[in-house]
Amino acid sequence: MAYEYDNQNIFAKILRGEIPNDTVLETDHTLAFNDIAPQAPVHVLVIPRGPYVTWDHFAAKASDAEIIDYARAIRKVIDKFDLSPGEHGQGYRLLVNGGEAGIQEVPHLHTHVLSGRILGRMLPG
Ligand code: 5GP
């Protein structure tokens, strides 16, 4: 299956430093930054540095090092905001939209990390 990456998407520009971002943390293969239009008191976007469009693209094509780094970077965001329920934190939601049905607006894989309030049911209706 062919995955076509648009290197003019807004997150590609953030990764190249062409537009600013409010960085939460950086690792070798991953960048986390605050969402520009937060839907909750904590709303962080976590993106791989590599050119991956969707979760399935990333899982198919990324190296083991990138995938491990990405998973651990998300955990570091959870840790940074003291959200882990296992550590008596408030909890969180991870959300990844993919393609048309998921209403993915930016075609570079991103995981939303949401918390800071009770988030409501997962899907409306
Ligand atoms: P999606 O709908 O693709 O899952 O989510 C895209 C997210 O990117 C939205 O929550 C939107 O607010 C955020 N976003 C779009 N443009 C920018 C930007 O230039 N900077 C930041 N920090 N977030 C953005």
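Note that these values count all heavy atoms, side chains included, but never hydrogens, waters or copies made by symmetry. Remember, it's 1-based here, ligands and their atoms both numbered in the order they're listed.
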Which atoms from ligand 1 have a heavy atom of [X] less than 4.0 Å away?
| X | value |
| --- | --- |
| F33 | 21 (C), 22 (N) |
| V106 | 3 (O), 6 (C) |
| I103 | 2 (O) |
| N97 | 1 (P), 2 (O), 4 (O) |
| A37 | 12 (O) |

Under a heavy-atom criterion of less than 4.0 Å, does [X] contact ligand 1?
| X | answer |
| --- | --- |
| D35 | yes |
| L95 | no |
| H112 | yes |

Does an N or O from [X], backbone or side chain, lie closer than 3.5 Å to an N or O of ligand 1?
| X | answer |
| --- | --- |
| Q104 | no |
| I14 | no |
| E105 | yes |
| L45 | no |

So N34 and V24, do their side chains get closer than 4.5 Å, heavy atoms only? yes
Side-chain contact, heavy-atom cut-off 4.5 Å: V44 with D35? no
Can you establish whether the number of heavy atoms outside [X] located under 6.0 Å from its atom [atom1] is more than 12?
| X | atom1 | value |
| --- | --- | --- |
| R117 | CZ | yes |
| D64 | CG | no |
| Q8 | CD | yes |

Solution key, residues 83-103 side-chain donor-acceptor pairs under 3.5 Å, sequence neighbours excluded:
residue	atom	partner	partner atom	Å
S84	OG	G86	N	3.3
Q90	OE1	G116	N	3.3
R93	NH2	G120	O	2.7

Measure the distance from atom 17 (C) of ligand 1 to every protein heavy atom, then report the residue, atom name and distance (to 0.1 Å) of the closest one. I36 CG2, 3.7 Å
What's the shortest distance from atom 8 (O) of ligand 1 to any protein heavy atom, and which residue and atom give it?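 Protein heavy atom with the smallest distance to atom 8 (O) of ligand 1: F11 CZ, 3.5 Å.
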Per-residue contact class, [X] against ligand 1 - non-hydrogen pairs under 4.0 Å:
| X | result |
| --- | --- |
| D22 | neither |
| H110 | side chain |
| I10 | side chain |

In one Ile/Leu/Val/Met/Phe/Trp/Tyr side-chain cluster, 4.5 Å: [X], [Y]:
| X | Y | result |
| --- | --- | --- |
| L25 | F33 | no |
| L119 | F81 | no |
| V113 | Y52 | yes |

Which other residues belong to the hydrophobic cluster containing Y5, where Ile, Leu, Val, Met, Phe, Trp and Tyr are joined when side-chain heavy atoms lie under 4.5 Å apart, directly or via other members? V53
Whether E26 and R49 form a salt bridge (side-chain N of Lys/Arg under 4.0 Å from carboxylate O of Asp/Glu) is what I want to check. yes
Looking only at non-hydrogen atoms, which of V96, N34, T23, V44 approaches atom 22 (N) of ligand 1 most closely?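 Looking at heavy atoms only, the winner is N34.
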